[in-house]
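Reminder, nothing fancy here: chain letters follow the sequence lines and each chain counts from 1. Since the model is a prediction, treat every value here as computed from it, not as a measurement.
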Protein chains: 2
Amino acid sequence: MTVQHPKDRYHHGDLKNALLQAAETLLAETGAAGLSLRAVAKAAGVSHTAPYRHFKDKAALLCALAQAGFERLRLAIHAAADAVPHDAGQKLIAAGSAYVTQAVRNPELTRLMFGGVTEPGDDGASHAADAAFESLVWIITAGVQAGAFRDRDPYELALVAWTSMHGLAMLIAAGLLQVDAGDEAQVDTLVRSVAQNLLYGISK
Amino acid sequence: MTVQHPKDRYHHGDLKNALLQAAETLLAETGAAGLSLRAVAKAAGVSHTAPYRHFKDKAALLCALAQAGFERLRLAIHAAADAVPHDAGQKLIAAGSAYVTQAVRNPELTRLMFGGVTEPGDDGASHAADAAFESLVWIITAGVQAGAFRDRDPYELALVAWTSMHGLAMLIAAGLLQVDAGDEAQVDTLVRSVAQNLLYGISK
DNA sequence: ACCTGAACACCGTTCAAGT
DNA sequence: ACCTGAACACCGTTCAAGT
């Protein structure tokens with residue numbers, strides 16, 4: 001009768017992940033402002049000082065959460081683009097859709113990711129953010145090489161694609177662009193509209 | 001000898017503005033997370049409960065701050081577009097530049113404005129946000145009528161313009177796009193690059 | 001190594017009380 | 001009307017102590 005009840009698992013190296021998972025759940029419920037380290041610890045079933053064994057402070061935990069968000073974002077972009085063969089424009093639309101969809105599904109996480117927790121710059125979160133952007137650059141670069149996009153610096157083209165999709169994602173996450181939470185077709189319509197105008201220009 | 005020292009002016013209806021001004025200063029220094037109502041009150045020279053005479057709670061004060069930011073944004077967009085006669089594309093670039101410039105100069109305020117404080121929806125902040133967006137719609141609408149832009153729903157065209165400029169502004173405010181704080185020419189270059197691609201499309 | 005409990009300085013908010 | 005001071009429940013963080 002020693003290590004049967006689940007609480008004991010936290011003494012075996014799982015606490016860090018348990019804390020991150022609890023934090024993400026609380027984040028979605030209360031928002032970053034209302035998230036307290038003590039509540040996270042309580043949700044994970046440990047004392048309110050236990051998290052300091054795994055995270056330097058509250059900011060470090062939020063940073064780790066943001067980093068995980070960026071990594072998921074990179075994977076989602078990658079997977080979405082890979083699922084569409086050949087057509088670079090369609091790949092871009094699929095990637096943008098993945099980007100915006102994650103924001104719609106996790107508005108609080110999105111606000112955390114792009115809310116400046118990643119200020120220090122030297123930490124893993126900004127690295128993960130850069131990697132997510134790189135995945136967009138690759139799509140554009142491939143498109144330029146395939147002759148689908150204008151013959152410019154892929155970074156410049158990727159930047160405008162990134163800003164468009166990011167802006168759409170952030171406006172939705174901020175609640176300034178109303179989107180029915182469940183209606184993913186609506187998200188797709190928005191993304192396609194923005195992407196069409198982006199691909200062919202709004203000028204006559 | 002009754003009302004000579006400035007503190008007394010707060011007893012004459014100025015406290016609300018004094019609090020807002022103190023809050024904006026502290027916001028720029030510490031960020032929204034580190035901003036405490038008690039520190040704002042102290043900076044304004046009143047007790048820590050005095051703000052409750054003018055704001056329902058801390059969120060209400062932050063909301064008022066965001067609202068002021070949206071109003072300034074609308075005025076800046078309006079002024080920038082007005083300063084460029086005739087050419088709709090140039091008006092759009094000027095408006096976008098004003099949008100991004102405000103974000104570069106006030107990153108913390110920008111994060112506050114678009115960080116979801118305006119959730120309730122029924123308050124003045126979201127109204128002010130809508131008004132700022134409307135100022136972009138007007139520019140596009142005028143451009144469509146003048147035959148400068150594609151003959152589509154101006155809202156759709158304004159949305160893609162908005163998302164692009166908003167995305168650029170937010171990436172800079174989040175620190176993901178490095179911009180020298182003082183270098184406004186760099187901001188202008190970025191805006192022009194995004195606007196060019198937006199106007200003429202990235203597709204070949 | 002990993003976790004606890006007491007302690008400290010802070011915070012938002014409420015409320016009775018002062019002018 | 002407008003502001004104060006004490007009070008309450010909470011918070012992040014530190015630290016000595018336990019196993």
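Whole-Å rounding puts the A/Asp14 CG to C/dC3 P distance at 10 Å. If you take CG of A/Asp57 and C1' of D/dC15, they are 17 Å apart, rounded to a whole angstrom. Following rounding to the nearest Å, A/Phe55 (CZ) and D/dT14 (C1') show an atom-to-atom distance of 19 Å. Rounded to an integer number of Å, the gap from NZ of A/Lys16 to C1' of C/dC2 is 15 Å. Between the NZ atom of A/Lys58 and the C1' atom of C/dC10 there is a distance of 13 Å, given to the nearest Å.
Not one N or O on the side chain of B/Glu156 forms a donor-acceptor pair closer than 3.5 Å with the backbone of A/Asn197. When atom types are taken as modelled, the side chain of A/Arg152 and the backbone of A/Leu157 share no donor-acceptor pair closer than 3.5 angstrom. Under the 3.5 Å distance criterion, the side-chain polar atoms of A/Ser97 are left unmatched by any main-chain donor or acceptor of A/Ile93.
Taking a pair to require two hydrogen-bonding distances under 3.5 Å in either a Watson-Crick or a G-U wobble arrangement, D/dT4 pairs with C/dA16. Across all strands shown, C/dC10 has no partner, as no Watson-Crick or G-U wobble contact with both distances under 3.5 Å is found.
Nearest-nucleotide positions on DNA chain C place A/Arg53 closer to the 5' end than the other of A/Arg53 and A/Arg38. Checking A/His48 against B/His48, the closest nucleotide of DNA chain D that is more toward the 5' end is the one next to B/His48.
The phosphate of C/dA1 (OP1 or OP2) has no side-chain N or O of A/His54 nearer than 4.0 angstrom. Side-chain N/O atoms of A/Ser36 include one lying less than 4.0 angstrom from OP1 or OP2 on D/dC11.
Minimum atom distance to the side chain of A/Thr49 is reached by C/dG5, of the listed D/dT13, C/dT13, C/dG5. For B/Val46, the listed nucleotide lying nearest its side chain is D/dT4; candidates were C/dT4, D/dT4, C/dT13. Among the nucleotides D/dT13, C/dT14, C/dT4, the one closest to the side chain of B/Tyr52 is C/dT14.
Under 4.0 Å is where a charged nitrogen must lie from a carboxylate oxygen, and between B/Glu108 and B/Arg111 at least one such pair does.
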